[in-house]
Structure formats: C-alpha cells, structure tokens
Amino acid sequence: MAERNFVAFDLGAESGRSVLGKLADGKLTLEVTHRFPNLNSRMNGRLHWNLLDQWDQIKIGLTKSVAMASDLAGIGMDTWGVDFGLLSKSGEILGSPVHYRDGRTDGVMERTFAKLGRDKIYAATGIQFMQLNTLFQLMAMREAKSELLDQADTMLFMPDLFNYLFTGERKSEYSIASTSQMLDARTGQWATVMLQQLGLPTKILPVIVPSGSVIGPIQKRLMAELGVGAIPVIAPGCHDTASAVAAAPAEGDDWCYISSGTWSLMGVELDKPILSDNALQLNYTNEGGVGGKIRFLKNIMGLWLVQECRRQFLKEGHDHSYTELTTMASRAEGMRSLIDLDHPPFGLPGEMTGKIESYCQATHQPVPHARGEFVRCCLDSLALTYRKTLEGLESIVGKKIAVIHIVGGGTQNELLNQMTADACGRPVVAGPVEATAIGNVLVQAMATGDVPSLAAARNIVRDSFGVKRYEPTDTAKWDAAYDKFKHLKV
C-alpha cells in the first residue's frame, strides 16, 4: 500500500492537538503536529468555550500538518460530547458555545421529568441521565426564554460546528449526535415526538450522517487563507470516545472498554441498544459507535477530580506534574478515604480538596491532609467505581466480561491500571495511549476505502501499537473496601 496521510483533530476538555497519521503496509504511525490548551472563561455569569481560539488553533494545526505532508487524504474532527453552537439561517454563529459544566442546567432535569416522565425519555433515547446533556441545556434555554434559541436555524455539536467552518455543510455525525439524549436509540434519528412534547424546536436539527461520511472539501476561501488544497473533510467517530473505542485492540465479544481521561466511559460494544428496566434503573447509556454499533456504557467522573486537585495545589503554590502526583499517591495509604464520584459538588470546578474534606467528614472517614492522600482518595474511588460499573454491565448484558481494555491518556497512569485490575479482579490491557487519534485516522481511512472494515482497523492497531497487561494481584483488600464504598452516604 502506498503511504496515505490523514490528520486527526482531537479536542478534549483540557487540551487539543492535531495529529498526522501515516498509513502504509498495514501499519499506522502518528506524529503530533500541534498542541494547544482548550480555553474557557466566564462572561456575563456563563461559562463559555473560546470558539475563536479553538478555530485559530485548528487552522494552525492544519497548516503545520500540510507542511509535513501536503498530500492529505482527509482530515477528521473529534471532541467531547453534548455541547453545541447555533447558526442563523444566513450562517452566522449565534453566541459563544456554553460549557457543559455551566450551572444553567441546575434543577432542569428534575423539572423536565415533571413534564415528561424519566421512563418515557429513556424509552425513547436510551441515554444516561446527566444534567449536562444537550436535552437539558436546550430545556434551560427554553425556560430562560432565550432569544438565541428562537433565532437559531441550525444546531451543530462542537465537531459538527468545526466541520461547518471547514466546509459550509450543516450535518451532524451519528456518534456525537447520540450524546445529546435527543436521538431515538432504535432508529438513530431525532426523537422528534419526544422533543415536541417538551416544547423544543425540531427545525434546528440537522441531517444525521454515519461515522465515516465525507462531509465535503474545504471551502475555497479557507483554502486561499491557509494556502492548502481541496482536502476532504471526513467525519470519523466525531465523539472522541467513539473514535477511541474503534481503536481498542480487542478480539471476540467478552471484553469491555474504559476510555480513560477527564471522563471515564466504561462499556461494551453491541449491535442493538438495551432499553430494559434494569438499564434504566442503573442509568446506563446507549451511544452511537463506528459502523452503526451501540456503545452501551456508563459515563464516570474520571480523572477530573485529580485534575481539579492539581489546579487547587497550583493555586496554593505547589506545581506538580501528573506523574509526580501519581507517585505521591502510590506512597499514601490506600483505601483510607473513599468518595462517591457522583456526589454533585464534585462535578463543579473549584475547591476540590475542600469538597473532598467535607465529604469525608460527613461520612465519618479520615480526612486527607497531604497532597498524595487527596490523589490516592480519588484514584481508589475511581477504581472501585469501575468495579461497580462492571457489575452493572454484567447484570444487564447477561454475561461475564473476561478482560478490560483501557484506552486513551489515562493508560499512562500505571497505578490506576493496576488498581483497576485488582479492584475488578480482571486482567487489564492498557493501550494504546493515542486511541482517539488512532481511531479518528482509521475511520477516515475506512471512508476512503484504504481500510475495509472495523475489524481490519483493529488488526492495524494490534500490529502498530504496544499494550501493557496488568493481572489482578491483591483482590482481598479491595473486596473489603468495596463493601465500605457501596454503603457511603452523605
């Protein structure tokens, strides 16, 4: 196979980057061409993403990539889920996209249930209830009588919005649209009846296209601005987890995945959604995946708590890398203090160490004091949350999961990887680290015909990137900690 070059743009909650992927002779190599912080700030009391800076950084990433490989076969965009921009009929962007951690959705989910029952919404969408979901963001705008919502002609999720800026096309890729809690889980199309019952406008909803769709070429004015050719813009798994799961080097059907980063998403890959009472009761989600698959999973507050602790330490004058924090945690006493990651204050930015202290006091546990103790508390609790999530998965899908594949940036935390194996009593296969960019590139290659199938893409991952296996070694102490963890109440 002649070398084929693709660029993956991968934007996470903390940072973004452009990655040049070179595919040749059945193997893939990656090179990061540009990194940048993903900025957000408050304006008029709202937490917004900095769309102008994001777009500038994406354009810089493209020009740097083209300088390294001018013959690009495609570029693809993936981001976090649920957030969106609004367009006017003439194509103007209406306002700056609001951050999913903004407080405008406080209490909205409960008020929405009063209009249309929780069970009816889940029966339609099969999506985990989280107040940050697009559905509740739109309900918050409707409650506030937002003029932007009335003026909008089209709603586009963040990767769709960047695809629009590249091509002028208003389309939404399946996996990113599925995070909204606005899609019919069975048909993969908008749940318009439900949305109309809630009084939300359906005229703003774009056409949904499958993962691996060619959106169109870069607009001529952008080609002139950047000095690039008519590069195809391809929608990979535009939700970053969809691309990451596509790159899981797994075989068979007895595995589950954890896409580990700011969020941890833990689940299995299915052909059809599960909308059972058990799935509703345990609050699992049916999100779209590459190849029309269903990512049946649970969204877990992942390394966010560690990230927030690090920010707090920095404010206090202690600048530690994540590697240093993990080393400090490894030296702290394990299972001393545990927290429920779903405790609402933990989802909000700021003062994380104080929130952990308050939680431990309220649950009559030792209060962390040293920085390593705070991080150890977060990591212990995350590993035990994985165990709880695994038990739920097995009870719903009705089979035992033999191995856990961890992909994404969190695979670099070897302490957490071993904790996960011990807490869950299952072997953990960690890697590849760059799963999201890998999946992004390989789904683009599927769109161009360079890779024939998802199974072939995973073969390329196994042949191109190393993994590390962690076997359970000390499960007894985790059994005792899990019993304590399950009974935590504030």
Side-chain angles (χ1 to χ4, degrees), residues 128 241 244-261 263-270 274 278-279 282-285 289 293-303 306 326 329-330 334-335 338 340-342 376 378-433 435 458 461-462 465-486:
Q128 178 181 352
T241 307
V245 171
E251 297 179 274
D253 61 359
D254 60 351
W255 55 280
C256 75
Y257 56 82
I258 299 174
S259 179
S260 178
W263 288 88
S264 286
L265 293 93
M266 185 175 188
V268 295
E269 194 173 69
L270 302 175
I274 298 177
N278 196 15
L282 296 178
N283 204 19
Y284 281 70
T285 199
K293 295 288 188 179
I294 295 293
R295 292 177 291 120
F296 185 76
L297 60 88
K298 195 164 190 83
N299 289 279
I300 299 167
M301 201 75 69
L303 293 169
V306 175
T326 301
S330 70
M335 272 77 81
L338 302 172
D340 177 3
L341 304 186
D342 290 330
R376 183 63 184 247
C378 295
L379 295 179
D380 283 343
S381 303
L382 181 53
L384 289 167
T385 302
Y386 290 158
R387 174 167 173 168
K388 182 179 179 181
T389 306
L390 179 66
E391 287 186 354
L393 278 172
E394 290 181 331
S395 73
I396 295 169
V397 302
K399 67 178 181 181
K400 186 174 178 63
I401 291 168
V403 62
I404 300 170
H405 281 270
I406 302 181
V407 296
T411 61
Q412 299 172 95
N413 192 319
E414 295 194 357
L415 175 63
L416 179 58
N417 294 339
Q418 187 61 59
M419 286 178 168
T420 302
D422 292 340
C424 295
R426 311 295 160 82
V428 163
V429 178
V433 174
R458 287 180 170 147
V461 178
R462 286 190 290 272
F465 302 96
V467 298
K468 185 171 181 179
R469 189 178 178 93
Y470 299 81
E471 296 290 344
T473 58
D474 187 3
T475 58
K477 67 180 182 180
W478 287 93
D479 291 340
Y482 186 54
D483 186 62
K484 171 185 172 183
F485 177 77
K486 287 191 298 183

Step-by-step side-chain contact (heavy atoms from CB on, under 4.5 Å) determination, Thr241 to Arg295: CA-CA 9 Å; Thr241 307; Arg295 292 177 291 120; 3.6 Å; yes
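- Ala481 and Leu338 get closest at one heavy-atom pair: O-CD1, 3.8 Å.
- Summarising the geometry, atom CZ belonging to Arg426 is positioned 12.5 Å from atom OG1 belonging to Thr420; distances are rounded to the nearest 0.5 Å.
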Worked check of side-chain contact (heavy atoms from CB on, under 4.5 Å) between Lys484 and Met335: CA-CA 10 Å; Lys484 171 185 172 183; Met335 272 77 81; over 6 Å; no
Worked check of side-chain contact (heavy atoms from CB on, under 4.5 Å) between Ile401 and Cys424: CA-CA 10 Å; Ile401 291 168; Cys424 295; over 6 Å; no
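- At least one side-chain heavy atom of Leu303 sits under 4.5 Å from a side-chain heavy atom of Ser260.
- Side-chain atoms of Glu394 do not come within 3.5 Å of backbone N or O of Glu391 as any donor-acceptor pair.
- Under the 4.5 Å side-chain criterion, counting only non-hydrogen atoms from C-beta, Leu390 is in contact with Met266.
- Ionic pairing of Asp479 and Arg387 is present here: one or more N-O contacts between side-chain nitrogen and carboxylate oxygen are shorter than 4.0 angstrom.
- Taking every heavy atom of both residues into account, Asn417 and Gly410 meet most closely at OD1-O, 3.9 Å.
- Annotation: side chain of Val467 is not in contact with side chain of Arg469 (no heavy-atom distance under 4.5 Å).
- With sequence neighbours excluded, no residue forms a ring-ring contact (aromatic ring centres under 6.0 Å, His included) with Tyr257.
- Side-chain contact between Thr389 and Tyr284 is present, with heavy atoms from C-beta onward closer than 4.5 Å.
- No donor-acceptor pair closer than 3.5 Å links the side chain of Asn283 to the backbone N or O of Gln128.
- Side-chain contact between Pro432 and Val407: present, with at least one pair of heavy atoms (C-beta onward) separated by less than 4.5 Å.
- Annotation: side chain of Phe296 is in contact with side chain of Ile396 (closest heavy-atom distance under 4.5 Å).
- Of all the heavy atoms in Asn278 and Ser395, the pair that sits closest is ND2-OG, 3.5 Å.
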Leu379/Asn413 under side-chain contact (heavy atoms from CB on, under 4.5 Å): CA gap, chis, key distance, verdict: CA-CA 10 Å; Leu379 295 179; Asn413 192 319; 4.0 Å; yes
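- For the pair Lys293 and Val245, the minimum side-chain heavy-atom distance is 4.5 Å or more.
- Remark: Lys388 NZ is loosely packed, at most 12 non-hydrogen atoms of other residues, nucleotides or ligands lying under 6.0 Å away.
- Looking at Arg458 and Pro249, their side chains never come closer than 4.5 Å, going by heavy atoms from C-beta outward.
- Looking only at distances, no side-chain donor or acceptor of Gln418 sits under 3.5 Å from a matching main-chain atom of Tyr470.
- No donor-acceptor pair under 3.5 Å is formed between the side chain of Lys298 and the backbone N or O of Leu393.
- With sequence neighbours excluded, the residues that form a side chain to side chain contact (heavy atoms under 4.5 Å, CB included) with Ala247 are Ala435, Ile438, Val461.
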